[in-house]
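Please read the structure below before turning to the comments.
Order of the sequence lines fixes the chain letters, A, B, ..., with proteins taken first and strands second; residue numbering starts at 1 for each chain. In this text, all values refer to a predicted model and were calculated from it rather than measured experimentally.
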Amino acid sequence: MTNHNTVLTCSTLSVAITGSGGSGVVTTGQMLLKAIANAGYYGLMARSAGPQIRGGESAVMLRLGSEPVDCLDDRFDVLMALDWLNVSRFAEEIPLTASSLIICDPDAGEMPEAIACHGARSLELPLKKLSGAIDGGRINMIALGVLAELLGLPETSILTVVETALAPKGREIVDASRLCISRGYSTEKNAGLEQTLTPVASPAKRWNISGNEASGLGAIRGGVRFVAAYPITPASEILEWLAPSLEKVGGSLLQAEDELASINMIIGGSFGGVPSLTATSGPGLSLMMEGLGLAVTSETPVVVTNVMRGGPSTGIPTKSEQSDLNIALYGFHGDAPHLVLGALNIRDCTFVTDWGVRLAEQFQTVAIILSDQSQGQARSVIDPPPMAPACKGRRTARPDTQEYRRYALTEDGISPMAIPGTSGGAYTADGLEHNEKGTPSSMSLDHQQQLDKRLGKLTGLDPTENWAESRGSGKIAIITWGSSSGAAFEAGRRLEAGGQSARVIAVRLLCPLPGTLMTASLEGVDRILVVEQNHGGQFFHYLRALNLLPDNAEMLARPGPLPIRPGEIMARVSEWS
Amino acid sequence: MTNHNTVLTCSTLSVAITGSGGSGVVTTGQMLLKAIANAGYYGLMARSAGPQIRGGESAVMLRLGSEPVDCLDDRFDVLMALDWLNVSRFAEEIPLTASSLIICDPDAGEMPEAIACHGARSLELPLKKLSGAIDGGRINMIALGVLAELLGLPETSILTVVETALAPKGREIVDASRLCISRGYSTEKNAGLEQTLTPVASPAKRWNISGNEASGLGAIRGGVRFVAAYPITPASEILEWLAPSLEKVGGSLLQAEDELASINMIIGGSFGGVPSLTATSGPGLSLMMEGLGLAVTSETPVVVTNVMRGGPSTGIPTKSEQSDLNIALYGFHGDAPHLVLGALNIRDCTFVTDWGVRLAEQFQTVAIILSDQSQGQARSVIDPPPMAPACKGRRTARPDTQEYRRYALTEDGISPMAIPGTSGGAYTADGLEHNEKGTPSSMSLDHQQQLDKRLGKLTGLDPTENWAESRGSGKIAIITWGSSSGAAFEAGRRLEAGGQSARVIAVRLLCPLPGTLMTASLEGVDRILVVEQNHGGQFFHYLRALNLLPDNAEMLARPGPLPIRPGEIMARVSEWS
Amino acid sequence: MHGNTPITGLKPKDYKTGIKPVWCPGCGDFSVLSAVTKALAHLALPHQNVAMISGIGCSSRLPAYTSVYGFHGVHGRALALASGLKAARPDLTVLVAGGDGDGFSIGGNHFLHACRRNMDMTYIVMDNEVYGMTKGQASPTTAPDWTQSKLTPHGPGVPQFIPAAIALVSGATFIARGFTGNPNGLTKLLVEAIEHPGFSFVQALSPCPTYRPEHKAWKKQVRPVEEEATSDPIIAAQRIQTDDGMSTGVLYQTTVPVWQPEQGISADTGQLEEVFFV
Amino acid sequence: MHGNTPITGLKPKDYKTGIKPVWCPGCGDFSVLSAVTKALAHLALPHQNVAMISGIGCSSRLPAYTSVYGFHGVHGRALALASGLKAARPDLTVLVAGGDGDGFSIGGNHFLHACRRNMDMTYIVMDNEVYGMTKGQASPTTAPDWTQSKLTPHGPGVPQFIPAAIALVSGATFIARGFTGNPNGLTKLLVEAIEHPGFSFVQALSPCPTYRPEHKAWKKQVRPVEEEATSDPIIAAQRIQTDDGMSTGVLYQTTVPVWQPEQGISADTGQLEEVFFV
Ligand SMILES: Cc1ncc(C[n+]2csc(CCOP(=O)(O)OP(=O)(O)O)c2C)c(N)n1
Ligand SMILES: Cc1ncc(C[n+]2csc(CCOP(=O)(O)OP(=O)(O)O)c2C)c(N)n1
Ligand code: SF4
Ligand code: SF4
Ligand SMILES: [Mg+2]
Ligand SMILES: [Mg+2]
């Protein structure tokens with residue numbers, strides 16, 4: 001056992017692990033996350049890699065806590081460096097302070113300046129020697145033992161994780177790894193953490209899930225049974241999870257030749273009566289806009305989950321940004337009312353996708369669901385996500401309806417849709433402007449009526465309390481959306497803790513945004529900061545366009561790839577006082 | 001000669017001609033426009049047709065005047081019906097009043113209710129019998145003679161036009177047509193116009209041109225020498241004019257397999273140093289957005305002329321609307337600063353395209369030029385359009401520049417571009433985020449710097465006085481863009497004439513919109529009406545997003561296909577007083 | 001093949017909506033409409049079990065004129081939309097219709113991949129060697145020396161796209177060519193194509209009197225294929241390559257498994273969620 | 001052919017930028033990079049007169065590693081961008097590089113039409129039968145029974161796309177297949193392809209050890225084509241169809257006029273404007 005005494009307990013601890021290609025950084029992170037989950041904690045794990053397709057350096061960034069964790073912290077408590085190769089590439093992603101602890105191997109060479117410059121404490125351990133002494137030993141397993149011990153996890157809990165994960169690789173590897181873990185635990189450490197996690201009394205049932213898996217699950221919960229898609233980073237894992245899962249629940253996934261095909265394929269699937277979805281990222285979404293316009297005009301419900309990455313153009317495919325809001329809101333030619341929702345965190349990916357599918361079905365329109373790389377490709381230990389409101393489902397036409405009119409002007413703007421197979425319901429869906437029957441028309445009255453219908457039906461949407469998550473009160477409001485919400489809420493909590501109260505409003509239903517509810521939530525507010533991770537302040541300007549912001553509202557819009565951190569928001573708000 | 005005496009002169013007269021397929025409506029309109037042009041007048045001619053590809057009914061709508069004409073009037077003075085077949089389809093496009101004159105053939109059957117309901121005066125003429133009496137005679141030529149005589153055009157002027165136009169068809173046809181014209185002149189008319197056009201003293205040099213031809217010319221004036229495009233209504237005539245014209249000036253046009261190809265082809269052409277453009281309409285623009293993002297990010301200048309039609313989706317391909325502003329402004333994934341300009345009228349199509357090409361070249365970015373069907377496919381007699389400001393041209397790299405960096409961070413954000421062929425300049429253009437050299441980078445500093453550069457360089461744009469056309473003064477402002485400008489200016493003139501002063505601001509440089517200039521133009525204004533032809537109020541909301549509108553600003557946003565008419569704007573503004 | 005009990009007594013006109021086509025007088029597409037409705041009547045397919053999908057073009061207007069389910073989508077994407085429909089609803093008879101521009105220019109990629117995928121559907125291309133709807137530009141099947149479009153005043157200058165050849169090398173399992181001047185022959189081909197289990201492609205030579213009046217001559221140029229349909233792709237390739245594109249009939253037919261998603265349910269959502277529990 | 005005076009003494013390494021490739025150790029693309037630079041050196045093409053265009057994928061990273069002009073565009077559109085460049089700048093030597101996903105899946109339509117257009121450029125596809133960059137999904141050239149991608153757990157189930165066959169029926173005038181395990185052979189093919197006047201297509205079998213480790217076996221499977229290159233499309237079709245896709249060399253070569261815009265100036269803008277005067 002080591003000689004360090006932990007003096008304080010705290011709600012979260014942040015741990016980064018870095019190493020060159022093949023050093024097993026990601027495996028280590030995943031095992032650590034599983035182990036802390038088993039021990040009753042929550043946690044978040046983000047990943048970062050160099051440009052190499054394989055064999056390049058990589059980093060995992062974990063934040064572990066006794067309560068749910070929705071964002072990375074301002075700084076890391078621990079950096080575990082399996083080696084120093086190209087570590088500088090990650091320096092900006094792993095902010096350190098003087099009180100951070102850097103664990104490294106003195107035999108790995110000198111600590112690079114980009115890391116050393118913070119003057120953090122260091123714990124030197126002969127990782128390589130220790131692993132070399134074990135037949136089949138690996139540095140990362142030693143490191144895992146070291147980290148687990150420092151975090152105060154019981155050795156058995158980590159051993160169970162390793163055992164389960166490596167079992168398929170054979171007994172020898174398992175045994176070698178067990179030995180490494182134990183050595184990591186037992187090795188002498190001349191420094192430790194200044195804090196440990198608050199123990200958890202009776203752990204709740206929790207999930208360990210990635211944002212992209214969570215989105216996939218939301219789709220199936222919402223009723224999606226057909227998916228056509230073209231792979232793209234960072235959305236592909238949604239598809240990888242959905243392909244086998246859909247098959248189990250009687251649905252299917254079709255790999256399309258491109259995004260033009262995938263969007264039109266799901267329009268076909270949905271026309272056939274099967275709730276349909278595709279997943280993509282910015283470049284793919286760009287290619288889908290024509291098809292999405294067809295879905296809006298033909299009133300065929302479809303859902304696109306867009307996992308945002310750095311833009312514009314090919315941009316930064318492996319890193320996160322919230323810069324596809326504009327295209328999601330406004331990227332159509334012509335006036336094309338539709339739905340846009342944004343997932344606030346990994347857990348919310350399930351809820352918001354589920355809800356988005358249901359809304360698209362009820363309103364027979366397009367729903368674009370925005371997630372991003374920082375959620376999609378990160379894993380989190382979460383409470384099981386809630387179910388979305390049931391909504392009304394797709395309104396279908398009964399067989400042999402008299403004088404069936406597909407685009408009938410009903411009171412609520414939603415017209416019964418005849419599903420192929422329904423006798424007497426045959427009609428032709430059209431992207432040309434049409435009359436109530438669906439016959440193409442260029443008359444101004446038909447155009448006006450159908451435009452009114454497609455816009456008007458969305459006013460029937462009941463935003464419930466789910467349109468946004470709001471917390472706190474006071475004269476300062478922080479408005480945000482998507483993955484910036486975690487940092488915004490944390491900033492809100494910290495302000496509160498510092499005696500300065502603030503309300504944080506994280507908008508989930510981005511379009512149609514319920515203006516009255518927003519205005520009500522802002523009542524009594526003096527100053528507003530709109531927080532988002534992009535260059536142009538897309539959400540800020542959208543709120544302006546809706547006339548929801550007072551003149552003195554400000555924006556904190558900062559592009560990716562670095563996540564918005566709570567401290568950044570704090571710093572900005574503190575300029576006000 | 002007829003027995004009617006014209007009592008008044010007026011500045012414009014509006015004439016509609018309708019007829020079934022093959023009746024020669026369009027030819028008649030074009031000849032009339034030519035004749036009045038020869039007589040020193042100005043004029044505008046819009047066209048409308050039924051859904052049939054060929055052989056369907058059609059209508060032309062002319063407004064003729066002694067001063068330049070930029071929009072259709074609220075009502076028509078004359079409707080010449082060659083027959084009554086399907087004329088009701090055009091009823092809403094041809095508003096009539098009790099003082100309108102309807103010219104028709106009693107043998108063509110009863111006047112349809114949709115026309116008769118206005119209680120207009122009618123002039124019944126035996127068009128069919130008159131033409132039947134002439135060997136090879138045609139109804140439309142009789143009608144042309146009738147109209148020319150009513151308008152007070154000398155018979156020789158119309159005969160010259162007919163002679164020139166029909167010469168290629170042979171002597172017999174010319175002679176028959178001449179006879180018809182004369183018969184139209186001489187036939188007894190028991191009703192006439194209550195007004196005629198103010199005579200023009202010494203007519204200026206004028207052009208007879210369509211908006212799409214004008215756009216094509218603007219491209220060539222601006223320096224475009226390569227075009228790749230895919231045909232689409234209502235933009236194809238730009239390409240049809242450009243293909244042979246480009247060839248004459250040493251350029252070329254390539255018909256692409258689709259819009260994905262055409263946008264990428266012009267990126268290639270421009271990368272090669274040749275100013276390049278494509279023309280399309282909404283559905284095509286949707287397909288081009290990914291390519292346009294590449295042009296923005298790789299800083300390759302390209303121009304897209306988007307001739308808007310009714311949307312969304314396939315919409316109303318043959319009719320006009322101003323509903324592609326959103327996609328033009330916001331349709332990119334990621335933050336992608338670029339230029340958007342709108343042509344205010346047919347004459348402006350040349351100027352704005354010319355200017356747009358020059359700005360794109362100077363700022364190495366994308367320019368989207370918005371025109372619409374009501375301009376593109378209409379013809380107008382105009383004063384020759386002015387030249388655009390010269391701008392600075394494309395900044396190119398000198399051969400063998402030391403340590404050439406394609407995306408160097410220069411003071412004004414514009415980096416010299418090495419054109420293939422330049423020795424020592426070889427670099428790789430990239431849509432991935434990159435550093436100054438162009439090497440892909442996912443570092444936050446490179447991303448921030450390049451985003452700042454691409455946005456910042458546009459602040460160097462000198463909007464000159466060309467950013468908008470403004471006329472009038474007073475406490476009421478009408479802000480508009482594109483083809484609605486004609487109606488807005490006319491409303492402004494009428495308000496003025498009625499003693500109520502108003503300023504009209506028609507914005508040409510839509511993005512980046514010079515906010516300070518706009519604010520200055522609005523100084524002292526109490527009330528603002530934003531006028532545009534779409535359903536959602538796209539320009540209105542954009543101005544809101546830019547914080548340029550007071551809370552009490554209102555919008556007059558009305559979708560196509562009917563043109564915005566001066567009277568509509570008057571009616572709205574008069575509600576205020 | 002399609003599992004629909006034939007309803008006797010259905011006439012071709014029962015498959016027409018009565019909406020007046022936008023087509024020009026004399027357009028070949030009228031004849032395709034008539035052949036399609038005859039084929040549907042012959043097969044006695046219940047209206048509600050048939051879907052007719054198209055893109056944009058004169059020819060793509062077909063769905064509105066047939067009284068089965070229809071989707072008039074966007075330009076070039078008919079096959080994609082139809083493939084999604086068929087994947088989600090394998091029980092439906094899916095027909096796809098369009099033009100040479102829609103199918104081989106903007107839609108070329110979906111043509112390649114739909115042929116490869118060999119889903120059980122029928123694709124009818126009304127080939128008039130021109131873009132009719134946009135008023136007469138060259139399409140991929142236009143001859144290189146056709147100079148009537150202002151966009152390509154010297155002619156497109158590119159060899160003609162040979163739809164049957166591309167379909168063959170891409171993997172289509174039924175390839176036929178018909179002519180609108182022979183509506184009964186076309187009907188017969190459509191019946192065979194619809195009955196074929198897999199991706200069947202029918203090129204219907206369908207003249208556009210408005211923009212390609214010279215195609216009146218097709219009447220004299222077409223002739224039935226000389227040989228029986230082959231199932232050997234090598235022989236088929238040779239025949240198609242040496243043909244002048246004017247022989248009509250079934251050019252190639254083979255039977256290989258169709259692409260179809262797996263069927264059956266083995267779990268509910270709750271069971272899928274189990275894997276996520278810590 | 002290209003009118004560039006050869007500069008003697010240029011070495012392959014003079015055509016490398018020195019930027020470290022993102023490729024995995026053992027990736028076949030290293031060998032393509034080396035063959036390309038060798039070919040450029042052999043032809044002694046001046047750097048400033050060569051442009052290397054690509055889309056997105058591991059293979060599409062090539063331009064950044066060669067010291068000629070380059071454009072790393074968007075996924076699937078390399079041929080379109082290159083065609084525009086060549087049309088606007090016929091004086092340049094235009095090379096296009098990419099992968100099987102970029103070229104035959106999302107880019108399939110441009111492949112068809114670039115082959116037809118027969119502009120004078122060279123297209124090199126690094127075929128690894130997989131989407132490398134997005135971590136291992138099936139591409140059009142992937143065998144139907146390859147089950148390693150989670151997106152297609154039962155295998156894509158669709159017959160393999162045969163690039164040479166499609167190129168041939170679309171009108172490409174030079175078709176060759178090389179293997180990265182034989183870099184000198186590949187270099188030779190590239191030299192011939194670049195020298196060929198018209199659209200030359202080189203399929204470079206370029207294994208992806210990361211996602212298709214089984215392709216190590218290609219080394220044993222490839223062999224030189226048995227016959228001389230033919231200029232007869234019918235013979236070529238037959239050879240390509242009966243081949244297993246593993247024979248390397250020039251499969252087809254013919255000379256037909258290339259597509260090129262008209263040259264020369266006959267008017268100035270003022271003259272164009274004259275027609276508009278009333
Ligand atoms: C994205 C897009 N690009 C272009 C068009 C314009 N367009 C409509 S139909 C058509 C070509 C039609 O040709 P074809 O498919 O041969 O049909 P045809 O009219 O000859 O029957 C084109 C280019 C469009 N509607 N959408
Ligand atoms: C529009 C768009 N869709 C999808 C992607 C994602 N993507 C990048 S590369 C690639 C496939 C690459 O495969 P291939 O062309 O075979 O190249 P390889 O990596 O195998 O060399 C895909 C799907 C993208 N960048 N853009
Ligand atoms: S333009 Fe040609 S294809 Fe179109 S409807 Fe007329 S004849 Fe038929
Ligand atoms: S993933 Fe495959 S294709 Fe891509 S770099 Fe690695 S080995 Fe090469
Ligand atoms: Mg056609
Ligand atoms: Mg590949």
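Most heavy-atom pairs under 4.5 Å with chain D, from the set B:L217, B:V274, B:T350: that is B:L217. For the options D:G84, D:A78, D:A88, heavy-atom pairs under 4.5 Å to chain B are most numerous at D:G84. For the set B:K34, B:E290, B:R225, the entry with the most heavy-atom pairs within less than 4.5 Å of chain D is B:E290. For the set B:I220, B:L432, B:I267, B:T422, the entry with the most heavy-atom pairs within less than 4.5 Å of chain D is B:T422. Heavy-atom pairs under 4.5 Å with chain B were tallied for D:R117, D:E262, D:H75; the largest tally goes to D:R117. With respect to chain B, the highest number of heavy-atom pairs below 4.5 Å among D:G76, D:S67, D:A82, D:A64 belongs to D:A64. For the set B:G425, B:A228, B:G431, the count of heavy-atom pairs under 4.5 angstrom toward chain D peaks at B:G425.
Interatomic distance, B:F271 CZ to D:L81 CG, rounded to the nearest 0.5 Å: 8.0 Å.
D:H72 and B:L294 get closest at one heavy-atom pair: O-CD1, 4.2 Å. For the pair B:S252 and D:A87, the tightest heavy-atom approach, listed with the atom from each and the gap, is OG-O, 4.2 Å. Nearest heavy-atom pair, D:V278 versus B:W207, reported as atom, atom and distance to 0.1 Å: CG2-C, 3.7 Å.
Heavy atoms of B:V249 lying under 4.5 Å from chain D belong to its backbone as well as its side chain. In this structure, no portion of B:P203 lies under 4.5 Å from any heavy atom of chain D. There is no contact between B:P399 and chain D, counting heavy-atom distances below 4.5 Å. Contact annotation for B:T300: only side-chain heavy atoms (C-beta onward) come within less than 4.5 Å of a heavy atom of chain D. With a 4.5 angstrom heavy-atom cutoff, B:S298 touches chain D only via side-chain atoms. When heavy atoms are compared at a cutoff of 4.5 Å, D:V74 approaches chain B by way of both its backbone and its side chain. Residue B:A214: no heavy atom, backbone or side chain, is found under 4.5 Å from chain D.
Put simply, the side chain of B:D258 reaches to within 4.5 Å of the side chain of D:H110, judged on heavy atoms. At a threshold of 4.5 Å between non-hydrogen side-chain atoms, the residues B:M265 and D:L85 do not count as touching.
No donor-acceptor pair closer than 3.5 Å links the side chain of D:Y69 to the backbone N or O of B:G272. Listed for the B:T428 side chain is a donor-acceptor partner under 3.5 Å among the backbone atoms of D:P63. Checking side-chain atoms of D:R89 against main-chain N and O of B:P420 turns up a donor-acceptor pair under 3.5 Å.
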Show, in sequence, the C-alpha distance, side-chain angles and deciding distance for D:R77 and B:I263, and conclude whether the side-chain contact (heavy atoms from CB on, under 4.5 Å) test is met.
CA-CA 10 Å; D:R77 315 294 165 207; B:I263 187 67; over 6 Å; no
For D:F71 and B:N264, run side-chain contact (heavy atoms from CB on, under 4.5 Å): C-alpha distance rounded to whole Å, both residues' side-chain angles, the deciding distance at 0.1 Å, then the answer. CA-CA 11 Å; D:F71 208 126; B:N264 282 282; over 6 Å; no
Task: Check against side-chain contact (heavy atoms from CB on, under 4.5 Å), D:F277 and B:N208 - done: CA-CA 6 Å; D:F277 278 101; B:N208 179 338; over 6 Å; no
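The 12-atom threshold is not exceeded at CD of B:E403, counting heavy atoms of other residues, nucleotides or ligands nearer than 6.0 Å.
Of residues 19-31 of chain D, those residues with a non-hydrogen atom less than 4.5 Å from any non-hydrogen atom of chain B are, in numerical order, D:I19. For residues 264-275 of chain D, the interface with chain B (any heavy-atom pair closer than 4.5 Å) comprises D:G264, D:I265, D:S266, D:A267, D:D268, D:T269, D:L272, D:E273, sorted by residue number.
With respect to B:E257 and D:R116, no salt bridge is recorded, no charged nitrogen being found less than 4.0 Å from a carboxylate O.
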